[in-house]
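Because the structure is predicted, anything quoted here is derived from the model rather than measured.
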Amino acid sequence: MHARASRWALAALALAGCASASAQRTAQAPAPAPAAATADTAPNPFPSTYKPLPSRPTLIRNATVLTAAGPMLQGASVLMQDGKIAAVGTNVAAPADAVVVDGTGKWVTPGLIDTHSHIGAGASIEGAQLDDINEATNPVTAQVWVEHGVWPQDPQFWLALAGGVTTEQILPGSANLIGGRSVVLKNVPGRTMQEMKFPGAPYGLKMACGENPKRVYGQRGGPSTRMGNVAGYRAAWIRAQKYKDDWDTWRKNGADPAKRPQRDLQLETLAEVLRGNILVHNHCYRADEMANMIDISKEFGYHIASFHHAVEAYKIRDLLVKNGICASMWSDWWGFKMEAYDGIRQNIALVDEAGGCAILHTDDALGIQRLNQDAAKAMAAGWEAGINITPERAIRWITINPAKALGIDKQTGSLEPGKMADVVLWSGNPFSVYAKAEKVYIDGALVYDRNDPRRQPTSDFTLGNDPQEVIP
């Protein structure tokens, strides 16, 4: 095997299942989730093949623990067993065969989750050949799935892992009114996208408001105004409603194969949104446009899971709470285009203060490596505004709240018994600029260890570099 490829291949094979690990995995890994079937088609043709890596019972003890589900625990322990969180508390005993990790002076959190990333699809290796974010050929491209552009060897996955990120949503870009399906990935080495695909996670639909669709299509047949944007959304949903109704009627009348409606990949995705099987993730900056999008969702009967970027979310935080919509926001990005001019650093804290589902996201391959530090900046802005943001509240912005927006909060996002053992051991307070992720566990398996080069996944494209230059 070529020297450059060997380390990558070994990391990928550890996930795919080489012979030496297969017996261990069979004993502890659940069977893969069945492929999710849509109402109009056969089962998902691109099902997750993710299987948890082999793991040992592990107890992290005497640490400060942020569970994202309750108060901060001092001198506490977290027990991981069979890939799940088995116990959390101040009186947790280690099984006889457990690996015991001393957490004295250290902090434990759930694995971090980024709701908005393009890594893998907009790979870090520059060039148009690896830019698969925007299918900028029509304002509505609901038929495309970003997973078909994800390159599993993108080095940014492993740099994000070194920052404590265990799950990310990969989205199409914002060139289009409706850009296509997103995919949720577990941050593990994989030879294929399917090996990284979060089992059972619902698909998302990327929509975009405002300046981007206008800019891309203004001289290409439209839309060229915000009026045109809204007309474009509504026209697409009208077509999707008819498509859904045609299939529902066919099924109601006996599902005669001879009268089966013609499949349409674009309308199939939109119909699944109307059925509640695909979650809407809506790029939208201005408060007035978010209010318009809420009205459109009510007109056609779908729910918006999260507004993304949402730099003016603070202006309509009551509407977000009333309608159960999360806001995935930056800590301090603003002013880089007209619709971003009214962004404020207190945005996240103000949405949180109102009882909203506040999320810190990145939309950036460098930012995802420092999700915890961005959350710390948003905390500090809240303090300056007189909002008492505690670590127990801030940790939710990058763990359980993103899990909620992605529809995976029953499986991950908090340290509660029965959930996936996606866990990070930090060298100190994760909201300190000096803290680093020391160990990262996914489904109880140690997938990253800052002090052990054998536990630092490496892409072919980073081999030969000084690890200290690429690890944050």
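There is a side-chain donor-acceptor pair under 3.5 Å between N44 and Y203. Defined by atom type and a distance below 3.5 Å, a donor-acceptor pair is present between the side-chain atoms of Q369 and Q156. In this structure, a donor-acceptor pair under 3.5 Å is present between the side chains of Q74 and T64. D364 and T362 are not linked by any side-chain donor-acceptor pair at a separation below 3.5 angstrom, with hydrogens and angles left out of the test.
Applying the disulfide bond (SG atoms under 2.5 Å apart) test to residues at least two apart or on different chains, the pairs with a partner in residues 347-429 are C326-C357. The stretch residues 317-326 participates, sequence neighbours left out, in these side-chain hydrogen bond (donor to acceptor under 3.5 Å, both in side chains) pairs: K298-N323, R317-E353.
Surrounding NZ of K404 are at most 12 heavy atoms belonging to other residues, nucleotides or ligands under 6.0 Å away. Under a cut-off of 6.0 angstrom, the local environment of CG in N451 is crowded, with over 12 non-hydrogen atoms contributed by other residues, nucleotides or ligands.
Salt bridge annotation for D248-R275: present, with a cationic side-chain nitrogen under 4.0 angstrom from a carboxylate oxygen. For the pair R454 and D452, the salt-bridge criterion is met [side-chain N within less than 4.0 Å of a carboxylate O]. A salt bridge links K186 with D443; the closest basic N to acidic carboxylate O contact falls under 4.0 Å.
The minimum heavy-atom distance linking H308 with T115 is given by the pair CE1-O, 3.5 Å. Of all the heavy atoms in P152 and G190, the pair that sits closest is CB-O, 3.2 Å. Considering all non-hydrogen atoms of both residues, I119 and A365 come closest at CG2-CB, 3.9 Å. Contact detail for T412 and I113: the closest heavy-atom pair is CG2-CD1, 4.2 Å.
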Checking side-chain contact (heavy atoms from CB on, under 4.5 Å) for the pair V150/L185: CA distance, chi angles, key distance, verdict? CA-CA 10 Å; V150 169; L185 302 179; 4.2 Å; yes
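A side chain to side chain contact (heavy atoms under 4.5 Å, CB included) with R181 is found for exactly one of I278, L171, V273, V146, namely I278.
A ring-centre distance under 6.0 Å is found for H116 and H309.
Residues satisfying the ring-ring contact (aromatic ring centres under 6.0 Å, His included) test with F431, not counting sequence neighbours, are none.
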